[in-house]
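Accompanying notes for the structure given below.
Throughout, a chain's letter reflects where its sequence line sits, starting with A, and its residues are numbered from 1.
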Amino acid sequence: MNQSSANVAGASSSAQPLLQVSDVAVHFGGIIALDGVSFDVQQGAVLGLIGPNGAGKTTLFNCLSRLYIPNSGDIRFAGQTILSTAPHKIADIGIGRTFQNLALFGTMSVLDNVMVGGHSQSSSDFLSNALRLPWVKTEEEGLADASWELIDYLDLMDVAYTPVADLPFGTQKRVELARALASKPKLLLLDEPAGGLNHDEVEDLGSLIKQIRDDRGITVLLVEHHMSLVMAVSDHVVAIDFGRKIGEGTPSEVQQNPEVIRAYLGTSD
Amino acid sequence: MVADVNTSSAGRRAIPENPANNLAIAGIRLPVWNKILIAILLVVAVIAPFFLEDFDVFQMTYALVFAMAILGLNLLTGFNGQFSLGHSAFFGIGAYTTAMMMAHWEVAFYWTIIPAGIVCLVAGFLFGLPALRLEGLYLALATFALATAMPQILKYHAWEDLTGGVQGLDLDKPESPFPDTLSDDQYLYFIVLVVAIILFICAWNLVRGRTGRAMIAIRDNPIAAQTMGVNNAVYKSLTFGVSALYTGIAGSMSAIIIQFVAPDSFTFLLAVTFLVGLVVGGVASIPGAIFGGFFVLLIPNISEAVADMTGRTDAKGLSWAVYGLFLIITVYVMPSGAAGLVRLLVGKLARRG
Ligand SMILES: Nc1ncnc2c1ncn2[C@@H]1O[C@H](COP(=O)(O)OP(=O)(O)OP(=O)(O)O)[C@@H](O)[C@H]1O
Ligand SMILES: [Mg+2]
């Protein structure tokens, strides 16, 4: 596959894309999870990433959060490659995420989970914390304030002090979203946020994703099997199968793409 | 309900009070109970030595030393999820740092406490770096190796002049500056009490803030912690260092109050003793460490007394059996330690107030 510049989405083609995925390949032993995937995500867009089970969507997310290192290819965020960025610096540069199978801090309260989300927004060290220096207190108050704002935003006020392990699945998903937002990301990666939610919850999620983009100016990369949700909220859709990009375009274009239709009919999904 | 109205962002609902703060036992709310209990504990801690024999004061002092060591282990194991069977080594390093400074360079005992802590901070940090690659049982094994090696290292003939070799080192007993009001044992008790209070307050500050949240986040879900921006490697090795610092200061205090160090005081058995105190007091509980400290000091003595009562010639072996029995009963009655039992009782007794 060639470089990414060919597939710039939509009208805003003059601006530099926020995220550029170029020819990314990931191998696990004999398994080729990603096989030269390229696409761009424009600033302020909601981009839907679809594909059957095992297509490589989560693998791509793991490359974006530097949990995996691609065997080849490049990932550029705001023009800079992220491949030389340490994994714990990814939040710092403005990429936040949620996990397909929830990765919360089970024993901690909702409030504390969201405050850990603000870790990259704070800087106090061991010694200043042990002595609880005045500026640590100020920082904690600021962090708590920002966290409460998100807890309110995601309707978690009533469970703010509850350990997250005790909460129902749908609520836990909102906690993960709040935690991801606490790092004030420019790009938010959502890995199947609708998984396990009921019909009404999925509808609410759709408007929430749009709100997050509109109110906070956050660019969203959305992996989802729930087609009606993807089609309703995405400006642009990329479809992958067996680690390769098989289609890209507006939601309606992708829905009519014969290769995409074949990929979906060919699996049990 | 007390709702502090937060006006910093318009239109937001008021921040709710933690419901636990609204619970009450006997009409007194839990946060007030906390303050009352801490006050009672402090008063008892200050008054008790004036009503006790010197030997009992010494026992209390040593229980506090254990409590500090257990607190250190708890920061690492309870809060950060890193297992250690090797904390006897850091206790030993702390004790020897103090002993060598006092014996060879005639440094006053109180000037040796901070150096002992810093030596252990560095030792713990350096040990924690390679330990980053190890998890669970493998880390347990590596720390076990450290515990096993330490007495041999201390005995090694190349630095016998410094360490005193197999014999160890004898120290002078620090004398009370106010012999009329405080006996030497009481004086040492108050020194240890002050150090313990400082360490407990710092630990509490550490775990309730940004660092503590990161430590617990690593324990609960290391990948998510890293994704939130926590530098797992730095946090884990620093936690190892801080944990060793606590246990090392405890070791330093033990050398001061016993006035003697020898390699075989710092065996693997001591590391297990800390672990017992940690579990019995409560994993990831700060006040639990105090309970743990008194438990590991008192229960072996009580077991010995019980065994002696039988008047048998094999009472020594029997006391270990009694100790084991005590342990089993304790773990059975309080499966999540003293802290867990307290939480359970509070849950049963507390009403909305
Ligand atoms: N750490 C790993 N080791 C080995 N194989 C892996 C690993 N992670 C993913 N894979 C494989 O890579 C392929 C892509 O997996 P991935 O999880 O990215 O798919 P996905 O598109 O997210 O699927 P789903 O929709 O089911 O979540 C699969 O064949 C999977 O088994
Ligand atoms: Mg997936």
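- Here A:Met157 contributes atom CE and B:Ile15 contributes atom CD1; the two are 6.5 Å apart, rounded to the nearest 0.5 Å.
- Here A:Arg97 pairs with A:Asn62, A:Ser65 under the side-chain hydrogen bond (donor to acceptor under 3.5 Å, both in side chains) rule; sequence neighbours left out.
- For CD1 of B:Ile114, the number of neighbouring non-hydrogen atoms (other residues, nucleotides, ligands) closer than 6.0 Å is 12 at most.
- With no hydrogens or angles considered, no side-chain donor-acceptor pair links B:Arg210 and A:Ser124 at under 3.5 Å.
- Interatomic distance, CZ of A:Arg132 versus CD1 of B:Ile201, reported as 13.0 Å (0.5 Å rounding).
- For A:Asp112, the parts lying under 4.5 angstrom from a heavy atom of chain B are both the backbone and the side chain.
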Using the rule given for side-chain contact (heavy atoms from CB on, under 4.5 Å), can you reason through A:Leu67 versus B:Ile223, listing the C-alpha separation, both sets of side-chain angles and the distance that settles it, and then say yes or no? CA-CA 8 Å; A:Leu67 299 178; B:Ile223 289 182; 3.7 Å; yes

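- The distance from the CG atom of B:Asn205 to the CG atom of A:Asn129 is 8.0 Å, given to the nearest 0.5 Å.
- For the pair A:Leu131 and B:Cys202, the tightest heavy-atom approach, listed with the atom from each and the gap, is CD2-SG, 4.3 Å.
- If you take OG on A:Ser122 and CZ on B:Arg213, they are separated by 7.0 Å, rounding to the nearest 0.5 Å.
- With a 4.5 angstrom heavy-atom cutoff, A:Val136 does not touch chain B via any of its atoms.
- Using cut-offs of 30° and 60° on the angle between ring planes, the pair B:Tyr235 and A:His119 is perpendicular.
- When heavy atoms are compared at a cutoff of 4.5 Å, B:Arg219 approaches chain A solely by way of its side chain, counted from C-beta outward.
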Kindly indicate, with the supporting measurements, whether the criterion side-chain contact (heavy atoms from CB on, under 4.5 Å) is fulfilled by A:His88 and B:Val230. CA-CA 6 Å; A:His88 68 271; B:Val230 179; 6.0 Å; no

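- Heavy-atom pairs under 4.5 Å with chain A peak, among B:Thr239, B:Ile198, B:Asn232, at B:Thr239.
- Between chain A and the options B:Ala214, B:Ala203, B:Ala284, B:Ala225, the largest number of non-hydrogen pairs under 4.5 Å is found for B:Ala225.
- In terms of heavy atoms, B:Ala224 sits closest to A:Ala103 at CB-O, 3.1 Å.
- Comparing B:Gly209, B:Gly212, B:Pro19, B:Ala233 by heavy-atom pairs within less than 4.5 Å of chain A, the highest count is held by B:Gly209.
- Proximity to chain A (any heavy atom under 4.5 Å) is shown, for B:Ala20, by neither the backbone nor the side chain.
- For a residue to count as touching a neighbouring chain, one of its non-hydrogen atoms must lie under 4.5 Å from one of that chain's; by this rule B:Val207 does not touch chain A.
- Proximity to chain B (any heavy atom under 4.5 Å) is shown, for A:Glu176, by neither the backbone nor the side chain.
- Crowding of A:Trp135 atom CH2: a count of heavy atoms from other residues, nucleotides or ligands under 6.0 Å exceeding 12.
- Proximity to chain B is limited to the backbone of A:Leu104, based on heavy atoms less than 4.5 angstrom apart.
- Between the side chain of A:Tyr161 and the main chain of B:Pro16, a donor-acceptor pair closer than 3.5 Å is present.
- Here B:Asn221 is the residue among B:Ile216, B:Ile218, B:Asn221 with the most heavy-atom pairs under 4.5 Å with chain A.
- Here B:Met228 contributes atom CE and A:Ser183 contributes atom OG; the two are 6.5 Å apart, rounded to the nearest 0.5 Å.
- Closest approach of A:Asp125 to B:Thr211, counting heavy atoms only: C-CG2, 4.1 Å.
- Here the shortest heavy-atom pairing between B:Gln226 and A:Pro87 reads NE2-CB, 3.2 Å.
- Only the side chain of A:Phe99 comes within contact range of chain B, with heavy atoms under 4.5 Å apart.
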